[in-house]
There are 2 protein chains.
Amino acid sequence: MTVSRALRAPDTVSEDTRERIRDAIEKTGYIPNRLAGNLSSRHSDVIGLIVPSLRNSLFAETIQAIADNLGKAGFHVLIAESGHSLEVEETLVLAFLSQQVSGIILHNTAHTPRIRAILTKADIPVIETGDLTRDPIDIVVSYSNFEAAKAMTHHLHRRGYRRIAFVSLATETNDRMRQRRSGYLAALEELDLKQDRQLILETPEGLSGGRDALVRLLDLKKRPDAIFCAGDVLAVGAALECQRRNLRLPEDVAIASFDDLDILDHLVPRITALRLPRREIGLFSASILLQRILKLGGGVIAKDLGFDIIQREST
Amino acid sequence: MTVSRALRAPDTVSEDTRERIRDAIEKTGYIPNRLAGNLSSRHSDVIGLIVPSLRNSLFAETIQAIADNLGKAGFHVLIAESGHSLEVEETLVLAFLSQQVSGIILHNTAHTPRIRAILTKADIPVIETGDLTRDPIDIVVSYSNFEAAKAMTHHLHRRGYRRIAFVSLATETNDRMRQRRSGYLAALEELDLKQDRQLILETPEGLSGGRDALVRLLDLKKRPDAIFCAGDVLAVGAALECQRRNLRLPEDVAIASFDDLDILDHLVPRITALRLPRREIGLFSASILLQRILKLGGGVIAKDLGFDIIQREST
DNA sequence: GCTTTGAATGATATCGATAACATCTATTAA
DNA sequence: TTAATAGATGTTATCGATATCATTCAAAGC
């Protein structure tokens with residue numbers, strides 16, 4: 001008991017004992033068993049984090065911010081990958097709850113009804129970060145995919161483009177993509193541009209996905225004058241293919257990206273993009289989570305961290 | 001007790017009881033407490049994984065392979081980031097051991113003496129994956145950074161280059177970078193090329209790092225005819241800067257990369273690179289780990305998964 | 001008919017730390 | 001001098017699952 005105290009609340013133990021304990025720990029190589037500790041104290045120092053994919057380096061910044069911040073407070077982050085599957089997500093959430101995590105962060109905002117029910121009942125903070133959803137399970141910290149896509153479409157319109165194509169990843173399993181497409185469509189509506197089915201594409205992820213989408217769009221009889229690549233590295237793939245074909249950006253075709261990857265600023269010409277608060281999302285999520293866990297109140301339910309349009313030479 | 005059995009070994013429980021238990025679980029929303037389970041059974045289903053950085057998408061593939069494979073076997077992966085600091089690594093390893101992980105995977109091969117000692121005594125499998133180190137703590141699954149860098153340098157020599165520059169990230173905190181540099185130097189030696197201090201550079205990570213290194217090398221009175229970028233996205237940064245300056249690859253300068261990032265195959269011209277068995281490392285590590293944990297023997301200590309040189313137009 | 005066997009289920013102690021309460025000692029107040 | 005108080009340490013029960021041993025009961029074998 002005294003050892004337990006010496007480790008968790010050193011001031012409640014005398015200087016002398018503390019030293020003896022320190023020596024003994026050194027000598028025996030004692031490492032506390034936190035499973036037992038957590039079981040006994042009924043709360044763990046582990047936070048569960050589920051992302052759709054780790055390959056996508058975009059999440060890395062958010063993850064890093066979360067892990068850094070929680071780490072400072074003595075928490076650990078259990079990261080898992082759902083692979084964009086709601087069933088896998090369900091399995092993972094259950095596994096996390098089994099591990100008695102004291103908080104869960106999900107990038108997804110679409111969930112199975114079962115998970116919604118379970119998480120609502122679970123007495124731990126749950127944060128969703130992928131989109132500014134209207135009905136969060138508990139807390140949502142994000143930007144609005146809908147508004148961001150809409151804003152970029154308006155921006156392209158202001159720059160003079162009238163046939164704006166929209167390229168996304170598969171919307172079937174990705175609610176964020178659906179939101180972005182809705183934002184794009186809403187903007188067209190507001191601008192009295194009529195939507196052209198041929199200009200709305202889905203493509204596999206990766207550079208090849210972006211390249212293929214570009215090729216398909218260039219093959220159209222009525223080519224677009226601007227292409228809004230709303231996911232992952234699609235814009236990079238498209239831009240590099242333009243380079244290969246000696247198309248001039250933005251004269252022959254304009255390209256804009258949803259995410260501001262480093263490389264967009266290094267290409268020639270540099271690519272217009274949305275800057276999303278990836279890091280801020282991580283920081284804010286971590287601090288809200290801590291507030292909740294440590295019962296410091298904190299009744300925030302929805303936090304909109306906004307976005308910026310970064311105009312560059314490609315549009 | 002019967003419930004516990006029904007969940008872990010259903011065949012030892014009668015059809016009837018099993019069904020009643022299933023109903024009860026459904027009705028009450030019971031979620032087993034795996035902390036208690038692990039404490040009692042004295043082994044956990046969690047594996048600890050420490051990587052230097054998550055931002056570097058290179059690790060993503062290895063991580064994914066590990067998590068996928070261990071996930072299938074019912075294990076979970078606790079991922080943490082050391083930020084290239086040995087002290088942080090030490091803290092993380094201790095935290096993992098406290099969590100009673102049943103295995104640890106480290107990307108680093110350089111460790112504090114304390115960690116080496118603790119991990120050697122710890123009665124769990126420890127896998128190192130970053131380099132084919134000579135004295136693994138327990139198991140090492142990797143390719144040889146030394147041999148890979150040496151092979152690429154030889155390859156450049158065979159292609160006719162004689163002033164080969166070597167660009168890496170900071171070697172101070174990164175043992176893999178040191179190994180690569182040693183490999184490069186060993187090749188020079190074997191080739192009777194004399195080493196030129198001006199051609200050996202360290203640069204910060206990221207595209208700008210690569211760009212800056214290129215600029216510094218081009219500013220030399222005696223320019224290199226080939227540049228071997230041995231880390232992260234340095235080669236991409238360098239290649240893009242060449243593009244901006246209208247330098248022809250490989251006529252004006254050749255560029256080779258240590259890692260085969262997707263984008264290297266999409267640039268014009270495409271960049272020569274080493275293909276490293278990132279995914280295979282993950283797969284192999286996971287299966288060795290499982291073998292060890294499940295006591296299926298498996299005495300492998302060092303596994304060299306090799307590498308390939310992919311010759312493209314940039315050299 | 002009685003023992004044997006095995007499948008199914010139950011009872012108990014335990015994993016290692018901690019919450020809650022108890023005890024002890026030295027110091028201060030009355 | 002005695003009671004009160006606070007600081008330090010010790011005791012006990014507990015968290016929830018599981019290893020282990022015990023029990024029950026029905027079918028099978030002699």
Side-chain angles (χ1 to χ4, degrees), chain A residues 1-46 48 74-76 78 93-103 118 121-124 293-295, chain B residues 1-46 48 73-76 78 94-103 118 121-124 293-295:
Chain A
M1 196 57 233
T2 302
V3 172
S4 173
R5 267 192 287 254
L7 291 174
R8 293 176 306 140
D11 358 320
T12 64
V13 168
S14 78
E15 175 67 43
D16 177 54
T17 329
R18 220 183 306 155
E19 195 152 323
R20 272 165 50 222
I21 290 177
R22 191 147 29 81
D23 289 354
I25 286 180
E26 185 76 28
K27 201 164 298 166
T28 60
Y30 167 78
I31 296 177
N33 182 332
R34 227 175 286 258
L35 289 192
N38 291 340
L39 177 61
S40 175
S41 63
R42 229 156 312 206
H43 54 70
S44 91
D45 50 6
V46 176
F75 285 81
H76 299 281
L78 194 56
V93 167
L94 288 173
F96 280 161
L97 292 176
S98 269
Q99 297 285 345
Q100 313 297 111
V101 297
S102 7
I118 291 178
K121 260 188 299 185
D123 195 27
I124 55 171
I293 292 173
L294 306 175
K295 308 269 187 248
Chain B
M1 196 56 234
T2 302
V3 172
S4 173
R5 265 192 288 256
L7 292 173
R8 291 175 307 139
D11 355 321
T12 64
V13 167
S14 77
E15 176 67 43
D16 178 56
T17 331
R18 220 183 305 154
E19 196 153 322
R20 272 166 49 223
I21 289 176
R22 192 147 28 81
D23 290 352
I25 286 179
E26 186 75 28
K27 201 164 300 167
T28 59
Y30 167 77
I31 295 177
N33 182 331
R34 226 174 285 261
L35 288 193
N38 291 339
L39 177 62
S40 175
S41 64
R42 228 158 313 210
H43 56 70
S44 91
D45 50 6
V46 176
F75 285 82
H76 299 280
L78 194 56
L94 289 172
F96 280 161
L97 291 176
S98 269
Q99 297 284 346
Q100 312 296 110
V101 296
S102 358
I118 290 177
K121 260 188 298 182
D123 195 25
I124 56 171
I293 292 173
L294 306 174
K295 308 271 188 245

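In what follows, every chain begins at residue 1, and chains take the letters A, B, ... in the order their sequences are listed.
In this entry the distance linking CZ of A/Arg20 with P of D/dA8 reads 14 Å, nearest Å. Protein atom CG of B/Leu7 is 13 Å distant from nucleotide atom P of D/dA19, rounded to whole Å. D/dG10 atom C1' lies 10 Å from atom CE of A/Met1, rounded to whole Å.
Once rounded to the nearest 0.5 Å, the distance linking NE2 of A/His43 with CG of A/Leu294 reads 10.0 Å. Distance check, rounded to the nearest 0.5 Å: CG of B/Asn38 to CG of A/Asn38 gives 11.5 Å.
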Between protein and nucleic acid, restricted to nucleotides 21-27 of chain D and to nitrogen or oxygen atoms under 3.5 Å apart, what atom pairs and distances do you find?
none

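With no hydrogens or angles considered, a side-chain donor-acceptor pair links A/Ser4 and A/Arg8 at under 3.5 Å.
Between the side chain of B/Ser98 and the backbone N or O of A/Pro32 there is at least one donor-acceptor pair closer than 3.5 Å. A distance-only check finds no donor-acceptor pair linking the side chain of B/Thr17 to the backbone of B/Val13 [under 3.5 Å]. The backbone N or O of A/Ala9 sits less than 3.5 Å from a side-chain atom of A/Thr12, completing a donor-acceptor pair.
Listed nucleotides: D/dT18, D/dA8, D/dG10. Nearest to the side chain of A/Thr17: D/dA8.
Using a 4.5 Å cut-off on side-chain heavy atoms (C-beta onward), B/Ile21 and B/Leu7 make no contact.
Contact record, A/Ser44 with A/Gln100: OG-O, 2.8 Å, taken as the closest heavy-atom pair. In plain terms, the two heavy atoms of B/Ser102 and B/Phe75 that are nearest each other are OG-CE2, 4.0 Å. Summarising the geometry of B/Ile118 relative to A/Ile31, their closest heavy-atom pair is CG2-CD1, 4.3 Å, with the distance given to 0.1 Å. For the residue pair A/Leu97 and A/Ala122, the shortest heavy atom distance occurs at CD2-CB, 4.2 Å.
Across all strands shown, B/Val3 has no heavy atoms under 4.0 Å from either base or sugar-phosphate atoms.
Axis angle between the ends of the helix from C/dG1-D/dC30 to C/dA30-D/dT1, five pairs each and rounded to 10 degrees, works out to 50°.
Residues that satisfy the salt bridge (Lys or Arg N to Asp or Glu O under 4.0 Å) test with A/Arg5, not counting sequence neighbours, are absent from this structure.
Applying the salt bridge (charged side-chain N to carboxylate O under 4.0 Å, His left out) test to residues at least two apart or on different chains, the pairs with a partner in residues 25-45 of chain A are A/Arg34-A/Asp45.
Read 5' to 3', the first and last nucleotides of DNA chain C with an atom closer than 4.0 Å to a heavy atom of chain B are C/dA8 to C/dG16.
OP1 or OP2 of D/dT9 has not a single side-chain nitrogen or oxygen of A/Arg18 nearer than 4.0 Å.
Near-neighbour residues of DNA chain C inside residues 34-46 of chain B, defined by a heavy atom below 4.0 Å, number-ordered: B/Leu39, B/Ser40, B/Arg42.
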